[in-house]
**Q** 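There's a structure below that I have some questions on.
Start at 1 and go down the list; that is how both ligands and their atoms are numbered. Keep in mind the model is a prediction, meaning the values are calculated, not measured.
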Amino acid sequence: MLENKVAIITGGTRGIGFETVKLFKENKAEVILFGSREESVSKAVEELKNIGMNVSGYWPNLSDINDIEDVVKKIYDKYKHIDILVNNAGISANKKIEDTTSLEFKNIMDLNVNAIFNTSKVVVPYMKNNGGGVILNTSSMVSIYGQSSGVGYPTSKFAVNGITKSLSRELAPFNIRVNAVAPGIIKTDMVANLKKEMIEPLIKTIPLGRIGQPRDIANAFLFLASDMASYITGEILSVDGAARS
Ligand code: NAD
């Protein structure tokens, strides 16, 4: 479904991003993964190599636009086009407001929101040059109704929806589609870090009766990245077993 496409996936070293890297490779894309540290990037690239997948990896500081520009230029020089950007890197929060520092709130906004601005700003000129492209963002079901602790996290995901909808309008004339996937509760390290008492009752309320798997989200990204979604832009696609309702 993605033959001859070049895709950059942030937060590609584990969880949802890693599964998306694998699925995009299975569908014949050239994939470049971004992670936060050299060690985790090398580990992911090695793991992929062991299953016969050749993927390159970088660890630009997503808060530093110059760093992103350098890396993206290297990728463009090698492949001569950039077709897909998946802005998936993210961190969560679950502390009450009294226990959350301004710095913690700012750090969440920096990665979950400002980094999407930075990577998109750098990649868009290349996509315009190509005659089009696809930008996909990872939102969350909490972008619909908020959550009862860790206010920075849902706040950041409401902003992700805002970036998605606004850029879809701005970039549609250039044939660049911008969509987001809003996962429910997905079995990754992010959820493993949350308290059992918080997660287990939530899983019980999911109408489809199970926790989501990273592949459930990767499948949605694959569809939205592909030409099957060529008339879809500005959409926030819930993939949550109806947990949002
Ligand atoms: P994860 O913790 O397994 O993976 C997070 C990824 O983000 C990693 O690849 C990591 O390298 C990257 N990352 C973290 N900090 C970074 C930094 N400072 N700079 C660059 N990269 C950094 O989590 P996941 O569950 O796979 O989450 C992926 C996305 O899905 C996130 O945006 C998250 O908010 C969203 N999400 C997850 C769930 C869930 O239930 N797991 C639900 C809704 C949304």
Side-chain angles (χ1 to χ4, degrees), residues 8-23 31-45 47-48 55 57-65 67-68 71 85-94 103-104 106-119 135-147 150 152-161 163-164 180-195 198-200 202-203 205-206 210-218 220-221 236-241 243-244:
I8 297 174
I9 301 179
T10 75
T13 57
R14 56 174 199 257
I16 290 168
F18 189 64
E19 198 61 30
T20 305
V21 170
K22 286 198 277 184
L23 188 60
V31 181
I32 300 94
L33 70 82
F34 285 3
S36 53
R37 290 173 298 119
E38 181 174 3
E39 306 87 82
S40 53
V41 168
S42 305
K43 186 171 164 273
V45 167
E47 206 176 319
L48 291 161
V55 167
Y58 297 92
W59 49 97
N61 177 354
L62 299 180
S63 301
D64 179 349
I65 198 141
D67 207 12
I68 300 170
V71 170
L85 168 66
V86 183
N87 287 306
N88 167 73
I91 45 173
S92 67
N94 61 3
L103 182 63
E104 285 168 335
K106 181 184 170 299
N107 286 345
I108 290 201
M109 298 302 282
D110 274 351
L111 182 65
N112 294 10
V113 183
N114 298 356
I116 295 185
F117 170 83
N118 289 340
T119 50
I135 298 175
L136 300 172
N137 301 321
T138 309
S139 180
S140 167
M141 67 176 179
V142 302
S143 74
I144 296 161
Y145 55 72
Q147 71 183 22
Y153 184 66
T155 303
S156 72
K157 296 301 186 179
F158 274 78
V160 170
N161 295 359
I163 295 175
T164 304
V181 173
I185 305 169
I186 310 300
K187 206 168 177 205
T188 68
D189 289 355
M190 184 174 276
V191 165
N193 290 337
L194 298 175
K195 286 192 190 113
M198 184 180 171
I199 284 303
E200 280 184 351
L202 272 179
I203 293 173
T205 66
I206 301 171
R210 67 169 175 90
I211 192 167
Q213 296 298 326
R215 181 106 341 186
D216 292 317
I217 308 306
F221 278 136
I236 315 296
L237 176 60
S238 289
V239 181
D240 61 4
R244 68 194 169 281

**Q** Looking only at non-hydrogen atoms, find the nearest pair between Ser139 and Ala180 and report the distance.
**A**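 Ser139 and Ala180 have their closest heavy atoms at CB-CB, 4.2 Å.
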
**Q** Is the contact between Thr188 and ligand 1 made by the side chain, the backbone, both, or neither, using heavy atoms and a 4.0 Å cut-off?
**A**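 Under 4.0 Å from ligand 1, Thr188 contributes side-chain atoms alone.
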
**Q** Using the side-chain contact (heavy atoms from CB on, under 4.5 Å) definition, which of the options Asn114, Asn118, Ile68 pairs with Leu62?
**A** Ile68

**Q** For ligand 1, which part of Leu111 has a heavy atom less than 4.0 Å away: the side chain, the backbone, both, or neither?
**A**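 Leu111 to ligand 1: side-chain contact only, backbone stays beyond 4.0 Å.
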
**Q** Is it the case that ligand 1 has an N or O less than 3.5 angstrom from some N or O of Ile91?
**A** no

**Q** Against heavy atoms of Val191, which atoms of ligand 1 measure under 4.0 Å?
**A** 39 (C), 40 (O), 41 (N)

**Q** What is the closest protein heavy atom to atom 36 (N) of ligand 1, and at what distance does it sit?
**A**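 Checking every protein heavy atom, the shortest distance to atom 36 (N) of ligand 1 gives Tyr153 OH, 3.5 Å.
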
**Q** In the protein, which heavy atom is nearest to atom 42 (C) of ligand 1, and how far is it?
**A**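 Nearest protein contact, heavy atoms only, for atom 42 (C) of ligand 1 is Gly184 O, 3.0 Å.
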
**Q** What do the steps show when you test Leu33 against Leu48 for side chain to side chain contact (heavy atoms under 4.5 Å, CB included), and what is the final call?
**A** CA-CA 11 Å; Leu33 70 82; Leu48 291 161; 3.8 Å; yes

**Q** My understanding is that we take every heavy atom of each candidate and find the minimum distance to atom 44 (C) of ligand 1. Doing that for Ser139, Ser36, Gly90, Gly12, which one comes out nearest?
**A**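 Selected option, by shortest heavy-atom distance: Ser139.
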
**Q** Does any N/O atom on Ile16 come nearer than 3.5 Å to any N/O atom on ligand 1?
**A**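 By distance alone, the answer is yes.
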
**Q** Kindly determine whether Ser238 and Ile144 satisfy side chain to side chain contact (heavy atoms under 4.5 Å, CB included), including the steps that lead there.
**A** CA-CA 10 Å; Ser238 289; Ile144 296 161; 3.7 Å; yes

**Q** How far is atom 23 (O) of ligand 1 from its nearest protein heavy atom, and which residue and atom is that?
**A** Met190 CB, 3.6 Å

**Q** May I ask you to test the Leu23-Arg215 pair for a side-chain heavy-atom distance under 4.5 Å?
**A** yes

**Q** Atom 13 (N) of ligand 1: which protein heavy atom is closest, and how many Å away?
**A** Ala89 CB, 4.2 Å

**Q** Keeping the roles fixed (side chain from Lys157, backbone from Thr138), state whether a donor-acceptor pair exists under 3.5 Å.
**A**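 Checking the backbone N and O of Thr138 against the side chain of Lys157, a donor-acceptor pair under 3.5 Å is found.
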
**Q** Checking side-chain contact (heavy atoms from CB on, under 4.5 Å) between Asn137 and each of Asn112, Thr10, Ile116, which is the one that passes?
**A**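 Among Asn112, Thr10, Ile116, the one that satisfies the side-chain contact (heavy atoms from CB on, under 4.5 Å) with Asn137 is Ile116.
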
**Q** At under 4.0 Å between heavy atoms, which part of Thr13 makes contact with ligand 1: side chain, backbone, both or neither?
**A** both

**Q** State whether the side chain of Gln147 and the backbone N or O of Ala93 hold a donor-acceptor pair below 3.5 Å, judged by distance alone.
**A** yes

**Q** To the closest 0.5 Å, what do you measure between CD1 (Ile211) and CD1 (Ile186)?
**A**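 The CD1 atom of Ile211 sits 7.0 Å away from the CD1 atom of Ile186.
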
**Q** Using a heavy-atom cut-off of under 4.0 Å, does the side chain or the backbone of Asn88 touch ligand 1, or both, or neither?
**A** both

**Q** I need the contact type for Trp59 against ligand 1. Using non-hydrogen atoms and a strict under-4.0 Å cut-off, is it side chain, backbone, both or neither?
**A** neither

**Q** Counting heavy atoms only, which part of Ser92 comes closer than 4.0 Å to ligand 1: side chain, backbone, both or neither?
**A** neither

**Q** Would Asp110 and Lys106 count as a side chain to side chain contact (heavy atoms under 4.5 Å, CB included) if you check the C-alpha gap in whole Å, the side-chain angles of each, and the deciding distance to 0.1 Å?
**A** CA-CA 6 Å; Asp110 274 351; Lys106 181 184 170 299; 2.8 Å; yes

**Q** If you have a sec, work out which protein heavy atom is nearest atom 6 (C) of ligand 1 and how many Å separate them, to one decimal?
**A** Gly11 CA, 3.7 Å

**Q** Below the 3.5 angstrom mark, is there an N/O of Ser140, backbone or side chain, next to an N/O of ligand 1?
**A**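 For ligand 1, there is no N or O atom that lies under 3.5 Å from one belonging to Ser140.
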
**Q** Among all the protein's non-hydrogen atoms, which is closest to atom 3 (O) of ligand 1, and how far away is it?
**A** Arg14 NE, 3.2 Å

**Q** Atom 30 (O) of ligand 1: which protein heavy atom is closest, and how many Å away?
**A**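 Answer, as residue, atom name and distance: Thr138 CG2, 3.2 Å.
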
**Q** Hey, is Lys157 touching ligand 1 through its side chain, its backbone, both or neither, going by heavy atoms under 4.0 Å?
**A** side chain

**Q** Considering distance alone, does some N or O of Ile186 sit under 3.5 Å from an N or O of ligand 1?
**A**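 Yes; at least one N/O pair falls below 3.5 Å.
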
